[in-house]
Amino acid sequence: MAIRWFLCCCCKFYSNAGLKSARLVANSEMGSTEILEKESAESLSNGTSSNLEAAKRLAKRLYQLDRFKRSDVAKHLGKNNEFSKLVAEEYLKFFDFTGMTLDQSLRYFFKAFSLVGETQERERVLIHFSNRYFSCNPNTIASQDGVHCLTCAIMLLNTDLHGHNIGKKMTCQEFITNLQGINEGVEFSKDLLKALYNSIKNEKLEWAVDDEEKKKSPSEGTDEKANGTHPKTVSRIGSTTNPFLDIPHDPNAAVYKSGFLARKIHADMDGKKTPRGKRGWKTFYAVLKGTVLYLQKDEYKPEKALSEEDLKNAVSVHHALASKAIDYEKKPNVFKLKTADWRVLLFQTQSPEEMQGWISKINCVAAVFSAPPFPAAIGSQKKFSRPLLPATTTKLSQEEQLKSHEGKLKQISTELAEHRSYPPDKKVKAKEVDEYKLKDHYLEFEKTRYEIYVGILKEGGKELLSHDENEAAGLKKSHSSPSLNPESSPITAKVKRNVSERKDHRPETPSIKQKVT
């Protein structure tokens with residue numbers, strides 16, 4: 001499962017980043033306020049004692065919220081420099097977790113501030129928490145690494161059980177299985193894992209928010225820039241309980257394309273079959289804004305706040321791939337969008353030109369802005385699982401982004417060739433054959449995706465996004481009746497599912513052959 005892969009990465013990130021001191025950054029980003037800049041200047045002066053005293057003062061002010069908001073705290077604890085590390089260590093000293101369980105400690109910790117900011121910043125905050133918990137309870141869990149793995153597991157479990165995910169929720173047994181074999185050979189106590197699971201299941205893990213955030217209306221709250229302070233309104237845009245996979249909602253992001261689209265949900269997360277009653281076609285006014293495709297009931301107006309329903313329908317296009325739905329023959333001008341979490345959606349446009357325009361823009365946004373994947377997982381795995389792909393926007397230059405995509409393409413191509421060189425024996429269990437086919441399907445898709453990304457960046461990438469398209473070719477229905485083609489609206493009679501519908505729900509691969517040359 002994907003969660004198992006990610007827990008492995010948590011352990012790897014912790015051992016690489018958490019146990020080693022970060023390099024001192026010359027131009028440290030200690031904050032935007034004038035007061036904080038003075039603290040930074042003092043903290044970076046020569047002399048360990050001076051740095052430590054400055055860190056203690058800042059940590060105390062952060063804990064007491066002295067001219068800081070709760071949403072300011074995490075960004076000052078999670079920077080990748082030596083001073084921020086000192087501040088975090090001093091800040092955590094205000095918390096005594098002695099005798100508390102891990103979940104109790106997390107709840108206590110999160111009452112003090114909002115765990116917001118960029119993915120890596122929040123990850124570093126959790127690393128500091130793990131260190132502090134272990135120092136307070138050295139005999140509860142075998143190592144700091146183990147504490148951090150469990151902390152990541154709890155955060156992901158919280159998202160799975162209480163987020164707006166589609167599909168079956170994780171069971172206690174699945175939670176236990178996901179944590180087997182990833183703690184450097186030392187298995188976690190099953191009683192401990194059961195207790196953690198039941199605690200999170202019975203009570204959602206939440207963090208504090210600023211008073212002004214509580215007073216905001218749902219529509220106002222969704223305009224915050226990836227702050228994760230409104231879990232009920234952010235919906236798919238950000239789980240808010242998962243500090244790794246939140247999708248940035250930037251109200252100031254550029255609009256790359258807009259127009260009416262009819263949408264059909266083809267497959268839910270992880271390619272699971274969409275329930276029959278939820279597969280119907282619906283028409284929306286689509287806006288590709290930043291890395292998110294917003295699907296709204298009415299035409300887009302910049303000054304109008306997004307509703308909760310708009311956010312629920314929104315789709316992130318990071319690491320996604322759009323392509324013509326060549327196997328779907330019931331309607332013309334239909335393209336397919338496969339997302340990072342392997343949901344599949346069909347969209348119908350009015351013309352072939354409009355369809356190609358959407359495909360090009362979506363793939364261009366994905367190629368230009370998708371952040372590099374997390375590092376490869378470590379530890380043994382009993383079954384294949386897809387890596388989790390970060391939803392944050394890349395910080396790489398276009399040249400660096402191209403090199404990153406080319407590196408992934410080379411890696412995936414090599415792995416696919418090796419995978420097909422060793423097909424399963426005819427005598428193996430059907431489950432192992434399914435695992436082989438699933439991995440083959442994944443590698444083939446990733447190879448195609450990166451080939452397209454590389455081609456786009458070689459052609460100009462960001463320059464292609466700035467080109468204006470002739471929106472006159474788009475849909476021109478009235479605002480009150482945004483129907484694509486009334487006379488060809490989907491009928492309610494039961495029909496046999498199309499071949500393409502079966503393909504994306506249950507991945508198919510070419511027949512297994514002997515060793516590939």
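With hydrogens and angles ignored, the 3.5 Å screen pairs no side-chain donor or acceptor of N158 with any backbone N or O of I154. Between the N137 side chain and the F97 main chain, a donor and an acceptor come within less than 3.5 Å of each other. Between the side chain of S199 and the main chain of A195, no donor-acceptor pair closer than 3.5 Å is present. With hydrogens and angles disregarded, no donor-acceptor distance shorter than 3.5 Å links the side chain of N363 to the backbone of L321. No donor-acceptor distance shorter than 3.5 angstrom exists from the side chain of E418 to the backbone of E415, with no hydrogens or angles considered. Formation of a donor-acceptor pair under 3.5 Å by the H318 side chain with backbone atoms of V292 is not found in this model. Remark: side-chain polar atoms of H419 are not paired, donor with acceptor, to backbone N or O of T414 under 3.5 angstrom.
Listed here is the closest heavy atom pair of S114 and A74: O-CB, 3.6 Å. Between V116 and S71, the closest heavy-atom pair is CG2-O, 3.5 Å.
L196 CG to D191 CG: the interatomic distance, rounded to the nearest 0.5 Å, is 11.0 Å.
In this structure, a donor-acceptor pair under 3.5 Å is absent between the side chains of E174 and T177. Inspection of the S84 and R124 side chains reveals no N or O donor paired with an N or O acceptor under 3.5 Å. T394 and Q401 are linked by a side-chain donor-acceptor pair at a separation below 3.5 angstrom, with hydrogens and angles left out of the test.
Aromatic ring pairs are classed by plane angle as parallel below 30°, tilted from 30° to 60° and perpendicular above 60°; the pair F175 and Y197 is tilted.
With ring centers used as reference points, F129 lies 6.0 Å or more from F95. In this structure, Y91 has its ring center at least 6.0 angstrom away from the ring center of H76. Aromatic ring centres of H441 and W342: separated by under 6.0 Å.
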